[in-house]
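Every number for a ligand or one of its atoms is a count from 1 in the order of the listing. The shown structure was predicted, so the numbers you read here are calculated from the model rather than taken from an experiment.
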Amino acid sequence: GMPDAPPPVLAPRRRTRQIKVGSVGVGSDSPISVQSMTTTPTTDINATLQQIAELTAAGCDIVRVACPSADDAEALPIIAKKSQIPVIADIHFQPKYVFAAIEAGCAGVRVNPGNIRKFDDQVKEIAQAAKDHGTSLRIGVNAGSLDARLLKKYGKATPEALVESAVWEASLFEEHDFHDFKISVKHNDPVVMVRAYEMLAERGDWPLHLGVTEAGPAFQGTIKSATAFGALLSQGIGDTIRVSLSAPPVEEVKVGIQILQSLNLRPRKLEIVSCPSCGRAQVDVYTLAEQVTAGLEGMEVPLRVAVMGCVVNGPGEAREADLGVASGNGKGQIFVKGEVIKTVPESEIVETLIEEAMKIAEGMGEA
Ligand code: SF4
């Protein structure tokens with residue numbers, strides 16, 4: 001038969017030029033990638049590679065490592081070589097580490113011109129070295145380290161100031177015929193950040209790396225990132241994303257992937273459709289939803305599992321899903337593809353759902 005139409009998205013992707021971060025394309029011809037950053041000291045090569053392996057397993061596409069010292073720079077060649085995903089070195093103050101990272105074989109280097117004194121003098125050499133090694137760059141403008149000149153002009157890190165800084169820095173590279181870079185204009189305030197990216201998107205066809213900087217602990221950071229990225233991605237703006245959380249980086253990756261899946265920008269995998277519960281609930285929906293989520297974690301097939309607290313909306317939602325339960329009277333009606341296949345006692349709901357999910361997954365050949 002006909003292949004399924006791709007799921008709808010809120011806006012066509014903004015057209016950008018295309019760059020490569022190692023094997024990963026970044027730009028409108030490539031799927032939106034998810035990035036994170038290691039928290040281990042880069043000098044601790046084993047710990048850093050271990051964390052990169054965990055990030056890779058969680059679905060991270062590109063990883064960034066900090067490089068604040070000569071010892072960190074020395075660790076880069078092994079990390080770049082052994083990492084399963086492209087490595088970007090994050091450089092702030094020292095141009096010499098930009099060269100070291102390029103020579104170390106890093107797929108990309110993040111430069112923050114606001115934090116490199118006399119940056120303009122170095123651009124030509126950086127561009128040449130990056131060209132010679134096939135390294136791409138990110139011009140990472142950050143509210144916290146805005147060029148002093150622009151801070152004076154605008155009084156603070158306004159969207160206009162962030163964009164002016166980014167466009168100026170981009171022009172420095174473009175003057176040397178270097179185009180393999182993406183840009184970020186991060187701010188901790190989602191409103192300022194969204195406005196800055198919207199303005200930047202109008203100014204050129206650079207691929208954009210989205211980030212709300214210092215977004216906060218997991219709960220606040222997740223919401224700030226999801227709202228800000230959602231506002232931009234729903235206009236087609238954004239080619240690679242990094243969620244910043246004061247939490248383990250694997251959590252950042254999970255949040256990033258979930259944001260993309262929610263907007264149909266990445267195929268959905270396991271999706272739990274659970275009701276919020278209400279006075280009609282005849283079962284502890286929170287616990288049930290948590291147990292089902294935990295039991296199905298890591299499932300790689302697109303599966304909608306409905307967990308409903310009563311028979312009001314329960315059967316309807318459960319029928320729409322691939323699999324579901326509607327509870328009532330100490331029992332659970334188990335639905336598969338719209339049919340009640342059995343009714344089990346409440347104590348067996350979780351195991352039955354997990355069993356049935358496994359069967360469906362096996363049927364899809366991807367269990
Ligand atoms: Fe309430 Fe039932 Fe709806 Fe859950 S499914 S929110 S228990 S009415």
Side-chain angles (χ1 to χ4, degrees), residues 4 7-10 190 217-231 233-234 243 245 247 251 254-364 366-367:
D4 288 350
V9 293
L10 291 168
F219 176 75
Q220 181 187 290
T222 297
I223 291 171
K224 274 193 177 181
S225 298
T227 48
F229 294 5
L233 294 168
S234 67
V243 173
L245 300 178
E251 298 304 314
K254 288 190 195 166
V255 172
I257 290 172
Q258 189 72 53
I259 291 171
L260 296 179
Q261 288 184 1
S262 299
L263 293 170
N264 280 341
L265 295 169
R266 195 176 266 228
R268 292 184 188 174
K269 290 188 177 168
L270 177 65
E271 194 177 356
I272 306 287
V273 184
S274 58
C275 83
S277 186
C278 74
R280 280 183 289 267
Q282 294 175 354
V283 67
D284 177 357
V285 178
Y286 302 169
T287 306
L288 195 57
E290 257 170 40
Q291 288 172 340
V292 172
T293 306
L296 296 177
E297 208 195 323
M299 197 127 203
E300 288 293 307
V301 292
L303 199 64
R304 260 170 85 92
V305 182
V307 178
M308 309 301 289
C310 80
V311 292
V312 173
N313 293 323
E317 283 286 359
R319 240 179 265 126
E320 293 279 306
D322 297 297
L323 173 67
V325 61
S327 306
N329 285 332
K331 293 190 197 112
Q333 284 186 327
I334 307 290
F335 289 80
V336 174
K337 305 278 177 206
E339 303 288 330
V340 180
I341 56 152
K342 60 176 108 168
T343 300
V344 298
E346 199 175 310
S347 61
E348 290 171 23
I349 292 174
V350 175
E351 57 183 86
T352 310
L353 282 179
I354 293 171
E355 251 170 50
E356 294 302 324
M358 296 297 173
K359 279 190 209 162
I360 296 174
E362 271 166 36
M364 293 175 176
E366 292 182 53

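Ion pairing between a basic and an acidic side chain is recognised when a charged N comes within 4.0 Å of a carboxylate O; Glu251 and Lys254 show such pairing.
When non-hydrogen atoms are compared, ligand 1 lies under 4.0 Å from neither the backbone nor the side chain of Ala326.
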Ile349/Glu346 under side-chain contact (heavy atoms from CB on, under 4.5 Å): CA gap, chis, key distance, verdict: CA-CA 5 Å; Ile349 292 174; Glu346 199 175 310; 4.0 Å; yes
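Taking every heavy atom of Gly309 and a limit of under 4.0 angstrom, the matching atoms of ligand 1 come to 4 (Fe), 5 (S), 7 (S). Within ligand 1, the atoms closer than 4.0 Å to a non-hydrogen atom of Ala281 are 7 (S), numbered from 1 in the order shown.
Residue Cys310: an N/O/S atom is found under 2.8 Å from atom 2 (Fe) of ligand 1.
Environment of CD in Glu355: crowded, with over 12 heavy atoms of neighbouring residues, nucleotides or ligands closer than 6.0 Å.
Here the rule is side chain to side chain contact (heavy atoms under 4.5 Å, CB included) with Ile341, and of Leu323, Thr352, Ile334 only Ile334 fits it. Of the candidates Thr293, Val350, Val325, Val273, Val307 forms a side chain to side chain contact (heavy atoms under 4.5 Å, CB included) with just one, namely Val325. Only one option out of Arg266, Arg268, Gln261 pairs with Asn264 in a side chain to side chain donor-acceptor pair (under 3.5 Å); it is Arg268.
Closest protein heavy atom to atom 4 (Fe) of ligand 1: Cys275 SG, 2.3 Å. Atom 3 (Fe) of ligand 1 has as its closest protein heavy atom Asn313 ND2, 3.6 Å. Taking atom 1 (Fe) of ligand 1 as the reference point, the nearest protein heavy-atom neighbour is Cys278 SG, 2.3 Å. Looking only at protein heavy atoms, the nearest one to atom 8 (S) of ligand 1 is Arg280 NE, 3.3 Å.
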